[in-house]
Amino acid sequence: MQASNTFKKAFLKRMLLGLQLAGFSSKSMTVQERKSAIKLSADVAMACARGSANWSRAIIADLSKQEKNKVLLRSILRKDYERLTRPCHHTWKIPRSKKILKRSFRVCSRRRKGLRAPQGLATSVLARVLVKKRTRVLKRLVPGGESLDGSYLLDETLDYAISLRVQVDLMQRLSKAFEASKVGSHNVCTFQAREDSYADK
Amino acid sequence: MEKERFCSTTPPLNWQSGPGADCFHNLNWDRPMDPSAHFGSALSSLVSSPSSNPPSTTANDSVVIHELITRLGSICNSDEIPLTSCYQGANTSCSSTPLNSPPKINLSMMEHYQRSSRGLPASGNPAMPTVHLAPFTADPGFAERAARLSCFGGRSYGGLPETGKLSSVSSSQSFMGSGSQMGISENIKEIAMQKGAQVEMEMRSKLGGRILGSSTPDSVEFGGGQEESSASERITVSGETSSRGNKENHARKRKAASKGKGKEASLSSSDTNHPKMAEEDDSNAKRSKPAETDGTGKVAAVEPKAKQNGGASSSGDAGQKQGKENYAKPPEPPKDYIHVRARRGQATDSHSLAERVRREKISERMKFLQDLVPGCNKVTGKAVMLDEIINYVQSLQRQVEFLSMKLATVNPRLDFHMENLLPKDMHQARGPMPTPVYPLEAMSTAFSYPHPPQGTPLQSVVTDGLENQRSLNPLDSSMRRRSRNMQLPPLDGSRDATSQLGTSWEDDLQSVVQMGFGQIEENAFSSRASMVQFSQIT
């Protein structure tokens, strides 16, 4: 499961743009504020690079709910802002079919109770309960996962997990780059000497 | 003696007297008949005898029926008078609304004969075949009506079955001329089965609608003994919950219906009548509501195909479930349905098919997720897998939090300008120890220092990270880094130093792109470990 290179490129581009813009907004911020600004730009970059996915739209929608973020978002996303904040069609469809599914599920479960009661009650019921609990947790984790179900939820989880991995990776590199630059700017000569000693070995 | 009287009288009959003849008052006759009280009384006697008899197994019953048929067959010649309306009135005691269109009556006639042929073979009555023969031979209008019937049935099933039926009808007619009764009866039975299968569905759909609309508990009467009356009862309540006592009949009808369907029906979505009829069929069974509600929504995709099988198997009918085949499931059908193949030995009702499709989808996704989450190859079972997935996603999210915090602390001014990112490349070893890496990285910066600052750190971030190098030998890596550093400047030289920061970033990115992106080797464990390191540091 690898994310595509285009995704990574777009991600990085947006990320840096976002960081720059976030940095320009205020010079003196607390660490927390900085952290949230960085996180915001990272998430937005990830969502924008992904394009149209349920979770990406959910992220942007959640972030744009707060007024202070809107301007930032708009500047980061520019033309994609309109595209990504448009309400998606299948978010409308899903609630309706859920109602019907619930109804059929009720009838099904009623039928099933009559047919399958004699079989291994404890284990199957327990397994089902566990699965239900965990799907609930997963729904809370994945952005926009509340309205999804079954295989759709797993699809979104898969997608989201891949993008998260790329995000983590990218941020690690960025942090390393910044740290190294910070360190490197101070001690140049001493390291040169050490490098020679390494080369000899 | 009565026979001659019947022959002499004009065809239209007006049953005015006798208890059994009361029902005929409502019937619409084109030509009024002379009051024939004697006929009515004779018929009433006939009526009483079948009703008093036990259902359908005695020779007495068959004889009575035989008599009736012969009588009525002579009466009803190529006229507007429906054969079976006379027949019905004679046999059962319900009132019936006028069945105006002859084809409908022919349907009922066909169904009756079909049922009687199927219902009474258990009795092993050799007289039955001859019973069928008599009215057909006596009725020259039979072919005409049969043609109408086949047209009627063919309306919903397309032209092909119609022609098939017509040919069979004509062949049966030709057979009639010959003396072989058994052959004819078999032919008739076959016709009856074929037609009755579809006819029954058609009729049920039509009558079901009509019965629901009409207030009187009328129905097509199918005359005869208990069996027929119970069957007619079934038709009456087809709109409501089915009568439980007729499950067997039900199942048998379904068998015939499904067999007839299975032979000719192609599972094309254009044939919308099939699902509708199957749906109506199902509505007689327990699962009426969910079947209809499931007609919409994503589950519906499976329903119209699955209902073909669903109609075939009632809940208790285990024998039906094997060997019912739909077409295989294409990945993304251009039509709206998902074709599902019902496996051998598995339930073929619509709900279980839909569930199976859903389960297969979920297990497929689970497999993908197993590949994604490291270390989940041996894990089986949904619950444990879900647990692993949840843990993984949570850990990734926590990493993002940590890294953003780290970035925040690294740059207190939050100015991520290019100047701050000194030229170096250092993202070589992504091992678990970030701290030992730094001195090496810092070392290499010395060599890349003379290079113009624009773009290089970014390039290094991108290239190193995206290349697939994980050598553990720091010396080698530093050597490699140095060589790569030498290569970078020529590209940098082309950059315009005075361009704006934003655009320069994009240009640099594109140059990096030209250098080619390798594949990142992902290792969640290393990142997790590094996260642990971060937490220890901060």
Side-chain angles (χ1 to χ4, degrees), chain A residues 1-2 5 9 12-13 16-17 19-20 22-23 27 29 31 34-35 38-39 42 97 100-101 103-104 107-108 127 130-131 134-135 137-138 141 150-151 154-155 157-158 161-162 164-165 167-169 171-185 187-188 191-192 194-195 198, chain B residues 289-290 293-294 296-299 351 358 361-362 365 368-369 371-372 382-383 386-387 389-390 392-394 396 399-400 403-411 413-416 420-422 424 426-427 438-439 441-443 445-446 449 457 461-462 465 475 478 505 509 513 517 519-520 522 527:
Chain A
M1 296 288 144
Q2 301 300 336
N5 275 339
K9 279 181 260 167
L12 185 61
K13 218 166 79 167
L16 291 170
L17 182 64
L19 287 174
Q20 194 192 10
K27 291 298 176 187
M29 292 155 99
V31 182
R34 279 208 301 274
K35 173 213 165 205
I38 290 168
K39 185 156 190 298
S97 64
I100 293 167
L101 285 174
R103 217 185 302 163
S104 87
V107 179
C108 268
L130 277 178
V131 165
R134 281 166 193 174
T135 37
V137 175
L138 192 61
L141 276 183
S151 64
L154 290 177
D155 265 340
T157 315
L158 190 73
I162 292 174
L164 267 185
R165 207 148 66 166
Q167 186 185 33
V168 164
D169 201 33
M171 287 178 77
Q172 269 178 344
R173 288 178 215 298
L174 267 178
S175 72
K176 280 180 192 168
F178 291 141
E179 279 210 15
S181 74
K182 209 174 149 194
V183 171
S185 64
N187 321 346
V188 174
F191 290 140
Q192 197 170 2
R194 231 185 274 175
E195 223 272 334
Y198 267 113
Chain B
K289 301 306 168 218
T293 58
D294 278 338
T296 56
K298 68 173 164 89
V299 188
H351 279 284
R358 185 180 145 269
K361 270 195 200 166
I362 288 182
R365 305 290 189 273
F368 284 137
L369 285 164
D371 298 333
L372 181 80
K382 255 209 252 180
L386 275 175
D387 205 26
I389 291 163
I390 287 170
Y392 186 59
V393 169
Q394 274 175 344
L396 284 175
Q399 275 185 48
V400 170
L403 283 170
S404 60
M405 180 61 106
K406 188 161 182 258
L407 278 172
T409 54
V410 156
N411 287 62
R413 291 192 311 136
L414 207 88
D415 44 359
F416 297 95
N420 288 357
L421 304 173
L422 284 174
K424 58 167 178 30
M426 30 147 244
H427 314 285
Y438 292 155
E441 296 162 350
M443 262 188 286
T445 62
Y449 202 67
V461 165
V462 175
L475 192 61
S478 65
W505 283 357
L509 268 172
V513 168
F517 279 76
Q519 248 206 349
I520 292 187
E522 305 288 350
S527 52

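Side-chain atoms are counted along with the backbone in the values below, which use heavy atoms only and exclude waters and symmetry mates. Note on naming: letters A, B, ... go to the chains in the order of the sequence lines (proteins, then strands), and numbering restarts at 1 for each one.
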How far apart are the closest heavy atoms of [X] and [Y], and which atoms are they?
X: A/Arg134; Y: B/Ala383; answer: NH1-O, 2.7 Å
X: A/Val168; Y: B/Leu403; answer: O-CD1, 3.3 Å
X: A/Leu174; Y: B/Leu407; answer: C-CD2, 4.1 Å
X: A/Ser104; Y: B/His351; answer: CB-CE1, 4.4 Å

Close side-chain approach of [X] and [Y], heavy atoms under 4.5 Å:
X: B/Leu386; Y: A/Leu154; answer: yes
X: A/Gln172; Y: B/Lys406; answer: no
X: B/Ser404; Y: A/Met171; answer: yes

Review point. What is the distance from atom CG of A/Leu158 to atom CG of B/Leu369, rounded to the nearest 0.5 Å?
Key: 4.5 Å
Review point. What is the distance from atom CZ of B/Phe368 to atom CD1 of A/Ile162, rounded to the nearest 0.5 Å?
Key: 10.0 Å
Point to revise | side-chain contact (heavy atoms from CB on, under 4.5 Å) involving B/Lys382 - partner list, sequence neighbours excluded | key: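 Per chain and number, B/Lys382 pairs via side-chain contact (heavy atoms from CB on, under 4.5 Å) with A/Val131, B/Ile362, B/Met366.
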Exercise for review: Measure from the side-chain N and O atoms of A/Arg165 to the backbone N and O of B/Leu372, and report whether any donor-acceptor pair falls under 3.5 Å.
Suggested key: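 Yes, A/Arg165 side chain to B/Leu372 backbone: donor-acceptor pair under 3.5 Å.
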**Study point:** Region of A/Ala161 that comes under 4.5 Å of a non-hydrogen atom in chain B
**Key:**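 Backbone plus side chain of A/Ala161, per the 4.5 Å heavy-atom cut-off to chain B.
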